[in-house]
J.: 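A single structure is presented below for examination.
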Amino acid sequence: MSAGYRGAGQRDEISFGNLGAEPLPDKISQAAGGASPAIATSGLSKRFRGGQLAVDSIDLAVSRGCVYGFLGPNGSGKTTTIRMLLGLVQPTSGDQELLGVSMPAGANTVLSRVGSLVEGPAFYSQLSGKANLARYDAADRTADRRTAEARISAALDRVGLLSAARKHYRAYSLGMKQRLAIAAGLLGPRELLILDEPTNGLDPQGTREVRGLIREIAAGGTTVFVSSHLLAEVEQICSHVGVMRTGKLVFQGTLEQLRGRGATRILVRTAQPARAAEVLAGLGLQDVQAGQDEASAQLGEQPPEEVCAQLVHAGVPVAGLATPRPSLEDLFVQLTGEGFDVDG
Amino acid sequence: MSTAEASGPAAEASGPAADLTGTRLDPVRQPGYRAGPVIHWIRFLCSELSLIFLRWRNLALLAVLAAIPVLIGVALKLSASPAGGGSGQGPAFIGQVAGNGVFLALLSLTVLLTLVLPLVVAVVAGDSVAGEAGHGTLRYLLAIPAGRTRLLGIKYVAVVIFCLAACGVVTAMSLAMGAALFPVGPVTLLSGTTISLGAGLLRLVFVTLYVAGAMAALAAIGLAVSTLTEHPIGAIAAVLVLALASEVTDSVPQFAVVHPYLPTHWWLSFDALLRSPIAWPELLHGLTSFGIYVIIFGAIAWARFTTADVTS
């Protein structure tokens, strides 16, 4: 059902038919064909010892096979959430499941099916790229020693680092380090890949490469959960988004639903803006405004062609008609607040 | 059955992921694959040991341990030639070395136990968990998942092996120097009995193991401290300060009541092995003390490490 999913290009063709405006975990799991969701949390919270509530009762629902963008400004609790998902940080309250297995109790069984990149790459600087992967592979009790060599080479090849395999990690560029971290997540067959800011610190070429890699991995059927504060990045690769703001999940759904949230306006260019505004108000549209040579209003549920017909019928000379939708960035800022250090 | 279902996307995918999937069968779904946890344990331990023993810093520390017996041997050779044996000053065994090179090993161990051996062990033990945390590699090891208890166990075993190596280097180097510079022959024990060279060397092996046991107890303290911080230098310093404070306390007669409970108090009791018959009570006291320290601090390390939030 989702194996053919290829990221942004086909985003619109995927329908999660029964996914309502308020996505619920069980609904999403139904949409994914009955398999347990890749990630499901309920009331997941973390209060650090200082008293700071880093994550405030979030209900994540990530269905299998999707590319889920986890958005939010810096400090909104994304990384803490990811650390809880991976069993690095104990939740203060709430439940969480990865691939249908309860965490952190099932960490030792389920995490071997999950690849991860948490808060940037971390490797042994004195070792080569290859030796670093061998080190992590040796720590995995489900990894077969006999196939290690082949799997390490395959993972390095996948991220384009095969030629630099014997180079010391400390000699790697930032982009290479980032790619090595992704390779570490690909040492075994993974059903879920959790990537925290995978393009952080990368140049445009590196960002493109990583995006391509994520699409490719998702095309292979692996669920990808990718956190980012870069909207453009999420827009290009994700089918679903969750938006965090100061520890709360303020939106969760498909990218289309996020777009749909923004109230679309209708904008009429005309020589008689006052007359046009009257007609718009007469049609029951909200927030009618009349300008120098244009009138606008919230479109609501009205079909724009109907409004146009009414305008023409009323004798308004319509020079142009547009239904601009708010950009994702506007929506994002609406959800997460404006400016620096929004909520202290 | 449900796991087979869950494996759907990854196992059936024909995309690029299949290239990876194809290279091995997923062990999670292979019944009986987990039958060999020992093999995985050994593989992880080997990886850990190669990290410790291929690190330049640790090799330099071992080189220092190897160099000190050479220095002591040469110094004794130069000073002992005209005057003969020492006259009761200085550390134990110093007087016997000129007569029998085997005693250079005992002298070296005694001298190194005051500072250098604890320092070397503190560096490696203090760095064990804190170093991984400081590098950020700890979060990846745990997300793999290496398993917290398993990781801690591997870390400790690897550090204990390093302790053995450190003590072994001192003994081996001292023996080599002792044989090169001084006569070697039947060993006269502290109780006055003389045993053959072979039996003497066997006793020396036991002494080395005993000292390694003392260092393993210190390493357990180091491991516990190491789980408390993500700054390896802090952990190393703390362990060293603890060891030195214990040694100082041990040398103040007014604190005699606490002496037997100090971690360093029994370190030099290996001379119990150099008597005939062996002074078992003292030896067992020492070994019990080490064992208790390993248990207490191992438990602290475990309790801390298996519940701590990893935010590094």
Side-chain angles (χ1 to χ4, degrees), chain A residues 2-3 34-36 48 64-65 80 83 86-90 99-100 107-109 111-114 116 118-127 134-147 150-151 154-155 158 181 184 186-191 194 216-217 219-223, chain B residues 2-3 5-28 30 33-34 37 39-48 50-51 54-56 132 135-151 154 307-312:
Chain A
S2 47
S36 52
F48 280 112
R64 297 255 185 166
T80 303
R83 282 180 181 272
L86 293 171
L88 296 173
V89 165
Q90 303 272 344
L99 304 169
N108 284 348
T109 55
L111 284 182
S112 56
R113 289 144 66 196
V114 179
S116 57
V118 199
E119 250 185 316
F123 290 96
Y124 304 87
S125 57
Q126 74 273 25
L127 299 181
R135 160 74 174 164
Y136 283 147
D137 195 60
D140 185 352
R141 75 187 94 186
T142 64
D144 189 343
R145 180 179 48 87
R146 292 161 298 183
T147 60
R151 282 181 294 109
R158 191 107 184 258
L186 297 174
L187 280 173
R190 311 294 190 202
E191 292 166 43
I194 295 179
E216 203 182 297
I217 292 162
T222 303
T223 309
Chain B
S2 64
T3 45
E5 236 174 53
S7 74
E12 289 156 21
S14 54
D19 299 338
L20 275 174
T21 342
T23 56
R24 70 161 179 175
L25 291 166
D26 194 328
V28 177
Q30 247 182 59
Y33 185 87
R34 278 163 179 276
I39 290 175
H40 291 119
W41 217 88
I42 291 171
R43 185 179 173 217
F44 193 14
L45 180 62
C46 289
S47 156
E48 188 65 38
S50 71
L51 271 185
L54 295 181
R55 192 156 174 192
W56 285 112
E132 301 271 8
H135 270 97
T137 44
L138 182 61
R139 62 174 184 266
Y140 283 102
L141 286 174
L142 293 181
I144 278 174
R148 293 194 182 210
T149 305
R150 180 167 167 263
L151 179 60
I154 299 260
T307 55
D309 282 347
V310 176
T311 52
S312 60

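Only a predicted model underlies this, so the values are computations on that prediction, with no experimental measurement involved.
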J.: Among B:C46, B:A146, B:G136, which residue forms the greatest number of heavy-atom pairs with chain A at distances under 4.5 Å?
T.: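 Looking at each option in turn, the highest pair count goes to B:A146.
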J.: Considering only heavy atoms, which portion of A:Q90 lies under 4.5 Å from any heavy atom of chain B: side chain, backbone, both, or neither?
T.: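 Both backbone and side chain.
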J.: With under 30° as parallel and over 60° as perpendicular, where do the rings of B:Y140 and A:F123 fit, or are they tilted in between?
T.: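 Parallel: the ring planes of B:Y140 and A:F123 meet at under 30°.
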J.: For the backbone of A:Y124 and the side chain of B:H135, can you confirm whether one donor and one acceptor N or O come within less than 3.5 Å of each other?
T.: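 No.
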J.: Against chain A, label B:S50 side chain, backbone, both or neither, depending on which of its atoms sit under 4.5 Å from a heavy atom there.
T.: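 Looking at B:S50, nothing touches chain A.
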J.: Could you measure the distance from the CG atom of A:L127 to the CG atom of B:L51? Nearest 0.5 Å is fine.
T.: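 With rounding to 0.5 Å, CG (A:L127) is 5.5 Å from CG (B:L51).
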J.: Below 4.5 Å from any heavy atom of chain A, which atoms of B:E48 appear? Answer side chain, backbone, both or neither.
T.: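 Answer is both: backbone and side chain atoms of B:E48 are under 4.5 Å from chain A.
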J.: Rounded to the nearest 0.5 Å, what separates atom CZ in A:R141 from atom CD1 in B:I144?
T.: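 If we round to the nearest 0.5 Å, A:R141:CZ and B:I144:CD1 are 11.0 Å apart.
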J.: Looking at A:A122 and B:R139, what are the two nearest heavy atoms and their distance?
T.: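 What the structure gives for the nearest pair is CB-NH2, 3.9 Å.
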J.: Below 4.5 Å from any heavy atom of chain B, which atoms of A:A184 appear? Answer side chain, backbone, both or neither.
T.: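 No part of A:A184 comes within 4.5 Å of chain B.
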J.: With a 4.5 Å cut-off on heavy-atom pairs, point out which of A:T80, A:V89, A:V114, A:L86 contacts chain B the most.
T.: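 The answer is A:V89.
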J.: Looking at B:S47 and A:A138, what are the two nearest heavy atoms and their distance?
T.: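 Closest approach of B:S47 to A:A138, heavy atoms only: CB-CB, 3.7 Å.
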J.: So which heavy atom on A:D140 is nearest to which on B:H40, and how close?
T.: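 The answer is O-CD2, 4.3 Å.
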J.: Can you tell me how far CG of B:L142 sits from CZ of A:R83, rounded to the nearest 0.5 angstrom?
T.: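 Rounded to the nearest 0.5 Å, the CZ-CG separation comes out at 10.0 Å.
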J.: Is atom CG of B:L54 surrounded by more than 12 heavy atoms (other residues, nucleotides or ligands) closer than 6.0 Å?
T.: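 Yes, enclosed.
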J.: Can you name the closest pair of heavy atoms from B:A143 and A:L88 and give their distance?
T.: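 Shortest heavy-atom contact: N-CD2, 4.5 Å.
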J.: Do the non-hydrogen side-chain atoms of B:R148 and A:N108 ever get within less than 4.5 Å of each other?
T.: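 A side-chain contact is absent here, since even the closest heavy-atom pair is not under 4.5 Å.
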